[in-house]
Trainee: 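Handing you a structure now.
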Amino acid sequence: MSTWLTQWEAEGIEGLYDKPREGWPNLFNKSDFVVLQQLVEVHPQQIPVLHAKFQEQTGKIVSRDTLRRALKKR
């Protein structure tokens with residue numbers, strides 16, 4: 001029998017919802033997002049500049065791809 005059917009029989013509709021899972025810890029906190037938002041207002045569409053300024057202001061070393069993903073989340 002499939003897992004989802006077993007969960008349905010045991011827990012009903014609640015058994016089909018995704019359970020919370022552990023994952024990689026967040027690299028950015030709320031203050032990092034504030035800094036990022038301020039930098040985007042000053043340097044829109046300039047990822048290399050944004051990347052350098054973010055690392056300079058926060059002291060966090062992240063890749064440009066990670067920075068892009070954080071921007072997309074916000």
Trainee: Name the residue from T66, D32, I61 that meets the side-chain contact (heavy atoms from CB on, under 4.5 Å) definition with L27.
Mentor: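 Checked T66, D32, I61 against L27; only one passes side-chain contact (heavy atoms from CB on, under 4.5 Å): T66.
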Trainee: Rounded at 0.5 Å granularity, tell me how far CG in L71 sits from CD in Q37.
Mentor: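 One finds 8.5 Å between CG of L71 and CD of Q37.
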Trainee: Supply the atom-to-atom distance F33 CZ to Q38 CD, rounded to the nearest 0.5 angstrom.
Mentor: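 Between F33 CZ and Q38 CD, I get 14.0 Å after rounding to 0.5 Å.
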Trainee: Applying salt bridge (charged side-chain N to carboxylate O under 4.0 Å, His left out), which residue pairs with at least one partner in residues 14-30 are found, sequence neighbours left out?
Mentor: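 Every salt bridge (charged side-chain N to carboxylate O under 4.0 Å, His left out) pair that includes a residue of residues 14-30, provided the two are not neighbours, is E11-K19.
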Trainee: For F28 versus A70, what's the shortest heavy-atom pair and its separation?
Mentor: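 Where F28 meets A70 most closely, the heavy atoms are CE1-CB, 3.4 Å.
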Trainee: Same cluster or not: are L5 and L16 linked, directly or through other Ile, Leu, Val, Met, Phe, Trp or Tyr residues, by side-chain heavy atoms under 4.5 angstrom apart?
Mentor: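 Yes, because L5 and L16 connect within a single hydrophobic cluster, where side-chain heavy atoms sit under 4.5 Å apart.
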Trainee: Membership question, hydrophobic clusters at under 4.5 Å side-chain separation (ILVMFWY): are I13 and W4 in the same one?
Mentor: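 Same cluster.
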Trainee: Quick check for you: to the nearest 0.5 Å, what is the distance between L39 atom CG and E56 atom CD?
Mentor: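 Output value for this atom pair is 9.5 Å.
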Trainee: For the atom pair CG (L67) and NZ (K60), what is the distance rounded to the nearest 0.5 Å?
Mentor: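 Answer rounded to 0.5 Å: 11.5 Å.
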Trainee: Can L36 be reached from V49 by stepping across I, L, V, M, F, W or Y side chains whose heavy atoms are under 4.5 Å apart?
Mentor: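 Hydrophobic grouping puts V49 apart from L36.
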Trainee: Dump the intermediate steps for side-chain hydrogen bond (donor to acceptor under 3.5 Å, both in side chains) on S63 and D65, then the final yes or no.
Mentor: CA-CA 5 Å; S63 70; D65 290 335; 5.1 Å; no
Trainee: Measure the NE2-CZ distance between H51 and R68 for me, rounded to the nearest 0.5 Å.
Mentor: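 CZ of R68 is found 9.5 Å from NE2 of H51.
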